[in-house]
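Structure record follows, encoded as structure tokens.
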Amino acid sequence: MTLPFPVAAPLVTSDLTRSQRALRFIRRFARHTGASAGVAILLVLVVCTILAPFIAPFDPTETDVGARLSAPDSIHWLGVDLHGRDIFSRIVWGGRYSLAVGMATVLLALVVGSTIGIFLGYRGGRVDAIGSRAIDVLLGFPSVVMAILVVAVLGVGLVNVVIAVAIAQIPRFARVVRGAVLVVKEQLYIDAARAIGANGRHIMVRHLVPNVMPTLIVLGTLNLGDAILSTATLSFLGLGAQPPAPEWGAMLNDGRDYMRYAPWMMFFPGLALFLTVMSVNLIGDRLSHLLDPRARNK
Amino acid sequence: MRYALRRVLGVIPILFVTWTIVFGVMQLIPGDPVNLMLAGVPASQEVRENERRRLGLDRPFLERYVTFLGRAVRGDLGESYRSRQPVTRMISEQAGSTLELAAGGLVVGLGAGLLLGMVAGLKPNTWIDTLCMLVALAGVSLPSFWIGMMLIYVFGMTLAWVPIVGSGLAALVLPSITVGLFIAGGFARLVRSSIIDAMGQDYIRTARAKGLGWAKIAFKHALRNAMIPPVTLLGIQIAVLVGGAVVTENVFARPGLGTMLVEAVLNKDLPLVQALVVYTTAAYVLVNLLVDLLYGLIDPRVQVGRA
């Protein structure tokens with residue numbers, strides 16, 4: 001339904017304009033060296049993956065049998081793998097997999113999980129009691145095991161890995177969002193919205209969603225690192241990306257058997273993966289520090 | 001005592017729900033189990049029918065479900081499609097190796113986590129704190145399969161300090177570090193914030209006022225009071241340990257339940273997958289139950305509050 005007049009949910013009561021607030025937030029964010037470093041690393045990574053066709057000197061799947069397993073040199077900066085493929089080019093292209101797969105996973109988990117959380121938190125009562133219990137049980141499943149189980153049902157492949165890891169993450173979003181909604185729905189402006197005749201869906205979409213947004217942003221960032229790691233783990237186990245895709249986890253799997261002769265095959269893809277996850281976690285940490293008042297003094 | 005009993009009984013519905021989910025998911029897995037069992041060996045229709053009957057696959061869904069629950073309670077979860085051995089026996093043969101790894105991982109994780117968290121928490125907002133938390137964050141950001149391979153390469157191959165295969169304590173060092181690093185990261189962060197909370201409490205001021213030494217305040221007063229949230233995390237870490245075991249066993253080519261699970265999934269050995277998940281969740285629920293009951297020992301107030 002549409003209301004006779006606009007009702008804005010009071011997010012922050014302050015005299016500052018939106019852009020001033022944003023600027024202040026960015027300044028406070030950047031005060032932390034680690035977080036700034038995280039943003040810098042991530043930016044480099046994103047630019048590299050977008051410009052992969054221009055940055056990568058070789059085709060990531062092109063094989064040069066003569067150069068097989070050769071060490072890093074001026075032509076192949078990070079060495080060559082078992083099939084004679086340039087590792088630097090594969091890492092640059094592989095960033096696309098890690099970032100896209102990680103973000104798709106978190107987005108899927110976030111949308112489904114927070115929908116469940118908002119619904120349970122707003123409805124309350126028996127539905128909430130049963131739903132919350134189910135979430136608690138699901139949280140007890142080791143997420144790698146759960147993801148493996150889902151892959152067993154759906155089959156091996158990168159898309160199925162995204163779905164599997166997202167399913168494993170859904171309960172986390174649902175639980176936190178439900179908790180946030182329980183707090184928000186007791187606020188006066190929700191009563192006010194109800195008093196002027198807003199229905200449940202309107203309240204959920206217009207009032208609850210904007211108010212749990214900061215929580216969602218923090219939780220999404222914190223889970224992005226985990227999503228990138230988990231999807232790479234499944235590819236490493238042979239359940240995700242299939243050869244010859246230049247996915248970092250799959251590259252590490254290739255490198256394990258040649259550790260003694262060509263350690264660069266496992267060193268560089270792992271380093272790229274670590275730096276990516278670390279940068280995302282640094283950013284998530286800082287965001288949760290700034291957006292979650294409880295974490296501020298800690 | 002009544003609280004303990006209530007908690008123990010509370011485990012039943014959780015296990016029931018979990019096992020129901022496991023059973024349901026298993027039904028969704030595509031492919032005829034008999035085909036999987038025959039593994040490409042040609043067989044007549046009659047043989048197939050007999051096999052279906054033997055496995056109880058000709059029974060209606062509900063009957064199979066009830067049979068499954070009944071058997072799960074008794075610890076009999078059928079036989080593997082591949083090896084034709086009872087899955088319970090297969091699991092119990094491999095469980096020891098995984099338990100060793102989990103214990104080693106816990107020792108490393110808790111030790112390192114406690115140390116990092118305590119040091120950071122007692123000197124909050126100093127460069128020591130920043131450094132400790134950076135190390136902790138690296139711990140949760142490191143891909144365990146990568147760090148496992150790096151450890152093998154550096155300490156197993158290049159320096160040859162520890163064996164990378166075989167059994168015994170020495171061969172357990174690198175896998176334990178691999179599993180432990182991730183646990184240490186999460187644990188350190190929680191210990192730190194817990195300690196900071198505890199250090200701001202009145203009883204610490206009292207202890208300071210009566211002239212107690214720094215070490216006594218830190219260990220006897222702050223640490224003990226700060227242990228509740230980390231111990232809770234310990235229960236949740238069981239899930240992480242299992243996940244860590246899957247990857248670590250794979251990297252170190254160790255036998256164990258994690259290796260078994262990945263192989264069972266790739267081979268579509270459904271009874272084995274099912275049994276592994278049933279036992280994992282049971283272990284998780286039981287450990288969390290133990291942790292809950294442990295609270296009372298660490299913090300007597302909890303018991304008073306709940307009685």
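Quick caveat: nothing in here was measured; it's all calculated off a predicted structure.
The side-chain heavy atoms of A:L282 and B:L134, taken from C-beta on, include a pair separated by under 4.5 Å. Side-chain contact between A:L252 and B:F145 is present, with at least one heavy-atom pair separated by less than 4.5 Å.
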Stepwise side chain to side chain contact (heavy atoms under 4.5 Å, CB included) test for A:F236 and B:M149: CA-CA 12 Å; A:F236 172 77; B:M149 288 200 271; 3.9 Å; yes
Candidate pair B:V246 and A:T233, rule side chain to side chain contact (heavy atoms under 4.5 Å, CB included), full reasoning: CA-CA 10 Å; B:V246 171; A:T233 302; over 6 Å; no
Side chain to side chain contact (heavy atoms under 4.5 Å, CB included) evaluation trace for B:M133 with A:D285: CA-CA 11 Å; B:M133 285 305 100; A:D285 239 27; over 6 Å; no
Stepwise side chain to side chain contact (heavy atoms under 4.5 Å, CB included) test for A:R256 and B:N250: CA-CA 11 Å; A:R256 62 193 298 182; B:N250 189 291; 2.8 Å; yes
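Residue contact with chain B, scored on non-hydrogen atoms closer than 4.5 Å, involves the backbone and the side chain of A:V153 alike. With a threshold of 4.5 angstrom between heavy atoms, A:L271 approaches chain B through its backbone and through its side chain. Residue B:P143 touches chain A through both its backbone and its side chain, counting heavy-atom pairs closer than 4.5 Å. The parts of B:V25 that come within reach of chain A are both its backbone and its side chain, each placing non-hydrogen atoms under 4.5 angstrom from that chain.
Other residues, nucleotides and ligands place no more than 12 heavy atoms under 6.0 Å from the OH atom of A:Y261. The local environment of OH in A:Y258 is sparse, with at most 12 non-hydrogen atoms from other residues, nucleotides or ligands closer than 6.0 Å. Shown here is A:F29, whose CZ atom has more than 12 heavy atoms of other residues, nucleotides or ligands within 6.0 Å.
When each of B:V273, B:T280, B:V277 is checked for heavy-atom pairs under 4.5 Å with chain A, B:V277 comes out on top. For chain B, the option among A:P269, A:P263, A:G225 with the highest count of heavy-atom pairs below 4.5 Å is A:P263.
Taking all atoms of both residues into account, the shortest heavy-atom contact from A:I148 to B:V262 is CD1-CG2, 4.2 Å. Of all heavy-atom pairs spanning B:A138 and A:M278, the tightest one is CA-SD, 3.5 Å. Nearest approach of B:S141 to A:N281, heavy atoms of both residues: OG-ND2, 2.9 Å. For A:M266 against B:W146, the heavy-atom pair with the smallest separation is O-NE1, 3.1 Å.
Note that CE of A:M146 and CD1 of B:I21 are 8.0 Å apart. Values are rounded to the nearest 0.5 Å.
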